[in-house]
Amino acid sequence: MPNFDSPTLLCDEALRDPYPIYRRMREKGPVYHDHLADAWCILDFDLVRDVLQDSNGFSSHHLADRAEPVLGARVLAQMTGAEHDEKKAVTMRGIAATAMDGYYLPAIERVVKSLWEEIGTTRRTELVCDLASPFATEVTSALLGIDAQWRRKILPWNRSVVEFITLLQQTPDERSRRLADAGYFRAFSLNLIESRRRSPRHDLVSYLAERGSSAGLTDDEIVALALNIFLAASEPLDKTLSYLVHETLRTPTLYEAVTSDSGNIPQMLTETLRLHPPVQIIPRITVGSQDIAGTKIPDGSTVYCMIGAANRDPSKFSDPDKFILARRENSVRKAFSPSADHLAFGSGLHFCIGAMLARRQLETAFQASLPYLAGWQLSKDALVEHGLYTRGPTELVLEKRK
Ligand code: 2IO
């Protein structure tokens, strides 16, 4: 019988601010069974990392129900063994060939500058809407090769895909609307793949259309991958840029540190990702019964790796809720690799393949924003955050300095 005083992820409070709930869960032990969500929440840093590194005992086959209905085929996060390695390798080569080439980063810089020029014509701005979201959409579309004229059309489709995959509850009506939207998005992508195969350009869809099949990717899998990359690359990007700006403007010493020495920017990003990981939950399913820190979890159970809780584990990070620029326990050197001291990019076999790309995109965008930030300050109650599976600012209001 569930106890209704027990902390649960299925409540509005968790969407507004999950951190007090994580603390209450942690008080009950490092593994907490959320009855309402029917999931075992793992809260400690070391345990989360252990689970993510054991892809035999903790599988990601839940994506067959959570992602495949909208993506239309299996994605890398569902694969293992030689198939996984081969298809991941071609995808990573595609990302490198498209984004690490001397054209992409300057293009990002232009996008960010032109958004700030537009913002500069006003006295007040809501930065999620005016900067972070259009930035995320534009740079992700540019990577994949989706022309500007389509962006407005695909955004609601992408929203539906994101919601289908990340919302812990949905009504049958919402579910069918999202499935329909996803169908339009897949049809659009298939069309894009076929047209890029006929006349390739310098973008990731062209790359995968041309070389994907030699790594065993079917067209349906390339479509799934394109949708996966669109959501996985754009959804966390606007959130992290908004947090970077918010942390910088609310602490003058941080602003000083990043403007006087751009060498501090990677550290700024590293600590932002620890304190505000945009992906808060990484689910897994137990294969066979599993023992985690003395708690026995039955076969086939849902386990939630709670990234936001692990990244603020007090036994790992001193003063864990505080932003500390040069944290010794959060090394910038390892921050974008599988041995990172934070878990914002996951860990193990399915460690984020876009970590390096994210680093470059965000460092470029943040650096280009710094000269403009001088003219702005946070308004009162500037920041509104929302979300649990993916979480970030939904409002960040700035006003011109007098
Ligand atoms: C989208 C959830 C934003 C991924 C999923 C099918 C796979 C995978 C993740 C991240 C972030 C998104 N899961 N990226 O958690 O590709």
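As the structure lists them, so they are numbered: ligands from 1, and atoms in each ligand from 1.
- The CD atom of E399 sits 11.5 Å away from the OG1 atom of T122 when rounded to the nearest 0.5 Å.
- For atom 16 (O) of ligand 1, the protein comes within 4.0 Å by at least one heavy atom.
- Of the protein's non-hydrogen atoms, the one nearest atom 14 (N) of ligand 1 is A232 CB, 3.5 Å.
- Distances below 4.0 Å separate heavy atoms of V279 from the following atoms of ligand 1: 11 (C), 15 (O).
- Taking all heavy atoms of N228, L227, V162 into account, the minimum distance to atom 1 (C) of ligand 1 is reached by N228.
- The shortest side-chain heavy-atom distance between F58 and V303 falls under the 4.5 Å cut-off.
- The aromatic rings of F185 and W157 lie tilted to each other, with the angle between the two planes from 30° to 60°.
- Using cut-offs of 30° and 60° for the angle between ring planes, the F45 and F317 rings count as perpendicular.
- Atoms of ligand 1 lying under 4.0 Å from at least one heavy atom of L231, given by number and element, are 3 (C), 12 (C).
- Between D341 and R327 no salt bridge is recorded (no basic side-chain N to carboxylate O distance below 4.0 Å).
- Note that atom 8 (C) of ligand 1 has no protein non-hydrogen atoms nearby, at separations under 4.0 angstrom.
- Heavy-atom distances between I282 and ligand 1 stay at or above 4.0 Å for every pair.
- Look at E271 and K322 and you find no salt bridge, because none of the NZ, NE, NH1 or NH2 atoms lies under 4.0 Å from a carboxylate O.
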